[in-house]
Enquirer: 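Before I ask anything, let me first share the structure, which is written out below as structure tokens.
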Protein chains: 2
Amino acid sequence: MSNIFSNIPAEMPNEIFEDIISTQTLRIERIVSKGQTSPETGWYDQSENEWVIVLSGFGVIEYANGVKVTLKEGDYLNIKAHEKHRVIETSSDDATVWLAIFY
Amino acid sequence: MSNIFSNIPAEMPNEIFEDIISTQTLRIERIVSKGQTSPETGWYDQSENEWVIVLSGFGVIEYANGVKVTLKEGDYLNIKAHEKHRVIETSSDDATVWLAIFY
């Protein structure tokens, strides 16, 4: 047994990406952010669908069409493959813990 | 966007099982329990692997070999296909919200 909120360093110069489960058809990933955002120039344009939930903190996702969605604790959404998006804000006080399922 | 903690009725005579995502190779399910347990006589013996995390409340899982694991908020584990298990306790005050990924 493990806990999704454990092993979060106090100092986080970079986001942390960790695979929890990885098979040919599925990846469960923990992402921990602390104020980081996507690179200014970059959109995520993924070949897989992504179901993502915020488990602590918050994050703001922007889609290529300009729509912005703020995800707080327990909020989830499904991002289809090749639906361009980026993270434009994450909480800087406490870590934002994301659980992402790529399928 | 939806929230994993929303739409939980105050009265819950039965557990609630809801598919969030369902494809040929993956199922993401929300399970809400409030004091319910697996039937006395029954073990879950699943053909799929299950990755499960408790997001609120707590639950106690027992394996066929007698090992018991208490899952509290944020705790997760991976139950392999055909690893027999059952739920022998869930919180009765507040709902237990489980997120289960079958793959």
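Atom set for the values below is all heavy atoms of this structure, side chains included, hydrogens, waters and symmetry mates excluded. Below, read A as the first sequence line, B as the second, and so on, with proteins coming before strands; counting in each chain starts at 1.
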Enquirer: Only pairs under 3.5 Å count here: list side-chain donor-acceptor contacts from residues 66-79 of chain B, not counting sequence neighbours, and write none if there are none.
Expert:
{"unit_1": "B:Asp75", "atom_1": "OD1", "unit_2": "A:Asn3", "atom_2": "ND2", "d": "2.7"}
{"unit_1": "B:Asp75", "atom_1": "OD2", "unit_2": "B:Lys72", "atom_2": "N", "d": "2.8"}
{"unit_1": "B:Asn78", "atom_1": "OD1", "unit_2": "B:Tyr103", "atom_2": "OH", "d": "2.9"}
{"unit_1": "B:Asn78", "atom_1": "ND2", "unit_2": "B:Tyr103", "atom_2": "OH", "d": "3.2"}

Enquirer: Would B:Phe58 end up clustered with B:Leu55 when hydrophobic side chains under 4.5 Å apart are linked, directly or stepwise?
Expert: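 Different hydrophobic clusters.
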Enquirer: Shared ILVMFWY cluster between A:Tyr44 and B:Met1, side chains joined below 4.5 angstrom?
Expert: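 Hydrophobic grouping puts A:Tyr44 with B:Met1.
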Enquirer: Quick one, B:Ile21 and A:Asn49 - any side-chain contact, counting heavy atoms below 4.5 Å?
Expert: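 A side-chain contact under 4.5 Å is absent here.
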Enquirer: Can you confirm whether more than 12 heavy atoms, excluding those of B:Asp45, are under 6.0 Å from its CG atom?
Expert: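 Yes - once you tally the heavy atoms of other residues, nucleotides and ligands closer than 6.0 Å, there are more than 12.
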Enquirer: How far does CD1 of A:Ile53 sit from CD1 of B:Ile53, to the nearest 0.5 angstrom?
Expert: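 Here the rounded value is 8.5 Å.
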Enquirer: Do B:Phe5 and B:Trp98 share a hydrophobic cluster (ILVMFWY, side-chain heavy atoms under 4.5 Å, transitive)?
Expert: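 The answer is no; the residues belong to distinct hydrophobic clusters.
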Enquirer: Honestly curious: do B:Val97 and B:Ile101 fall in one hydrophobic cluster under the side-chain, below-4.5 Å linking rule?
Expert: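 As far as the 4.5 Å side-chain criterion goes, B:Ile101 and B:Val97 are connected within one cluster.
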Enquirer: Tell me, side chain or backbone of B:Thr23 under 4.5 Å from chain A's heavy atoms, or both, or neither?
Expert: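 For B:Thr23, side-chain heavy atoms alone lie under 4.5 Å from chain A.
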Enquirer: State plainly whether one hydrophobic cluster holds both B:Ile20 and A:Phe102, where clusters connect Ile, Leu, Val, Met, Phe, Trp and Tyr through side-chain heavy atoms under 4.5 angstrom apart.
Expert: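 Different clusters.
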Enquirer: Output the residues of residues 26-38 of chain A for which the shortest heavy-atom distance to chain B is under 4.5 Å, in residue-number order; output 'none' if no such residue exists.
Expert: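 Contacts with chain B: A:Leu26, A:Ile28.
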